[in-house]
Amino acid sequence: MNQYEDFSVLTQRSLKHALAESSVSLEEKEIDALMEAYDSLSIFPDVAKGLSKLAETPGITAVVFSNGTHSMVSNSVNKSPDLSPHAKVFDQIVVVEEVKKFKPAPEVYEHLARKVGKEKSEMGWMWLVSGNPFDVVGARAMGMQAAWVDRSGNGWQDELAGGERGRPTVIVKGLDEVVDAVQKHAEKYQGSSGQKW
């Protein structure tokens, strides 16, 4: 499609579509209230422990990387009762508004690299953590490492792309496993190549 519209507009349209599909009608003020609820989403049980571990681990710079608008994501990170206590874990919020494309477009991963001060040639040192297969495949296609969060425990099913770049680097069951999985991968890589991760 190669079209970009503000993610909050798309989210509201999707909500209205879902309501229509379900034969539910809401007043505009009720729709606005649902959209505001996006700012205070609850987190999965593994998230707080994972973010605490991340905060305690030196050498890792964590950022939020989202298709959402800066306003939407910032509100969610800073106003959610569950997430806001961990907001300082994140060095910055990187969104796709400047690029005007959505993940998994290659340009957004290049944008992420620029925002965190990395060259395109250094993207192999960057990690994406996501529960969305399209995001994992997009990051891997750009040479990044990716941890896929498989909370349902069904294993990797996606066939968007073949080969190693069509699969996550590691699979975890929750965010509380990410730091250990990344460190284990780094140790394995350092041992086989002699390079520092």
Side-chain angles (χ1 to χ4, degrees), residues 1-51 63-87 89-90 93-109 111-112 128-142 146-162 166-168 171-178:
M1 287 178 29
N2 210 19
Q3 296 178 10
Y4 177 84
E5 287 196 65
D6 188 292
F7 196 74
S8 60
V9 171
L10 296 177
T11 302
Q12 188 172 50
R13 283 186 190 159
S14 297
L15 171 60
K16 288 179 178 180
H17 176 84
L19 291 170
E21 287 271 320
S22 303
S23 300
V24 174
S25 63
L26 294 177
E27 298 288 323
E28 204 61 37
K29 65 183 178 182
E30 294 171 306
I31 290 172
D32 290 343
L34 279 174
M35 291 297 294
E36 278 185 39
Y38 205 86
D39 293 345
S40 58
L41 296 174
S42 297
I43 58 176
F44 288 99
D46 56 282
V47 173
K49 185 177 175 185
L51 291 176
V63 301
V64 176
F65 178 44
S66 176
N67 275 338
T69 65
H70 194 276
S71 175
M72 288 174 76
V73 178
S74 180
N75 284 341
S76 186
V77 169
N78 294 301
K79 293 183 181 178
S80 163
D82 292 347
L83 189 55
S84 62
H86 305 282
V89 171
F90 303 110
I93 294 171
V94 179
V95 294
V96 301
E97 284 175 291
E98 291 176 38
V99 182
K100 301 222 180 298
K101 291 184 184 261
F102 293 109
K103 296 188 273 180
E107 296 89 346
V108 299
Y109 300 96
H111 172 67
L112 171 64
L128 176 109
V129 179
S130 180
N132 296 314
F134 73 85
D135 203 0
V136 167
V137 172
R140 295 291 287 144
M142 292 303 295
W148 179 56
V149 182
D150 180 18
R151 288 188 178 93
S152 64
N154 292 330
W156 184 257
Q157 306 292 323
D158 201 276
E159 296 293 331
L160 284 174
R167 305 183 49 74
I171 298 174
V172 296
K173 292 182 180 168
L175 285 186
D176 53 340
E177 297 178 7
V178 170

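For the single chain, residues carry numbers from 1 onward in sequence order.
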- [ ] With sequence neighbours left out, write down each residue that passes side-chain hydrogen bond (donor to acceptor under 3.5 Å, both in side chains) with Asp158, or none if nothing qualifies.
- [x] none
- [ ] For Ser22 and Val24, indicate whether the former's side chain and the latter's backbone hold a donor-acceptor pair under 3.5 Å.
- [x] no
Task: Donor-acceptor pair, side chain of Asp6 and main chain of Ser8, under 3.5 angstrom - done: yes
Open item on the list: Please check: side-chain N/O of Ser130 versus main-chain N/O of Val136, any donor-acceptor pairing under 3.5 Å?
Closed with: no
Open item on the list: Between Ser76 and Met72 (side chain of the first, backbone of the second, donor and acceptor by atom type, cut-off under 3.5 Å), is there such a pair?
Closed with: no
Open item on the list: Is there a side chain to side chain contact (heavy atoms under 4.5 Å, CB included) between Leu112 and Met142? Walk through the geometry before answering.
Closed with: CA-CA 11 Å; Leu112 171 64; Met142 292 303 295; over 6 Å; no
Task: Backbone N/O of Ala139 and side chain of Asp135: donor-acceptor pair under 3.5 Å - done: no
Task: pair Val129-Leu175: side-chain heavy atoms closer than 4.5 Å - done: yes
Task: Straight-line distance of His86 NE2 to Ser84 OG, nearest 0.5 Å - done: 8.5 Å
- [ ] Flag the pair Leu34 / Leu26 as yes when at least one side-chain heavy-atom distance between them is below 4.5 Å, and no otherwise.
- [x] yes
Open item on the list: Can a donor-acceptor pair be found, under 3.5 Å and without considering hydrogens, that links the side chain of Asp82 to the backbone of Ser42?
Closed with: no
Open item on the list: Please identify which of these residues, Phe65, Tyr109, Tyr4, meets the ring pair (Phe, Tyr, Trp, His ring centres under 6.0 Å) condition with Phe102.
Closed with: Tyr4
Open item on the list: Quick check for you: to the nearest 0.5 Å, what is the distance between Arg151 atom CZ and Phe44 atom CZ?
Closed with: 4.5 Å
Open item on the list: Any side-chain to backbone donor/acceptor pair from Glu97 onto His70? Under 3.5 Å, distance only.
Closed with: yes
Open item on the list: Side chains of Arg13 and Glu5, heavy atoms from C-beta outward: is any pair under 4.5 Å?
Closed with: yes
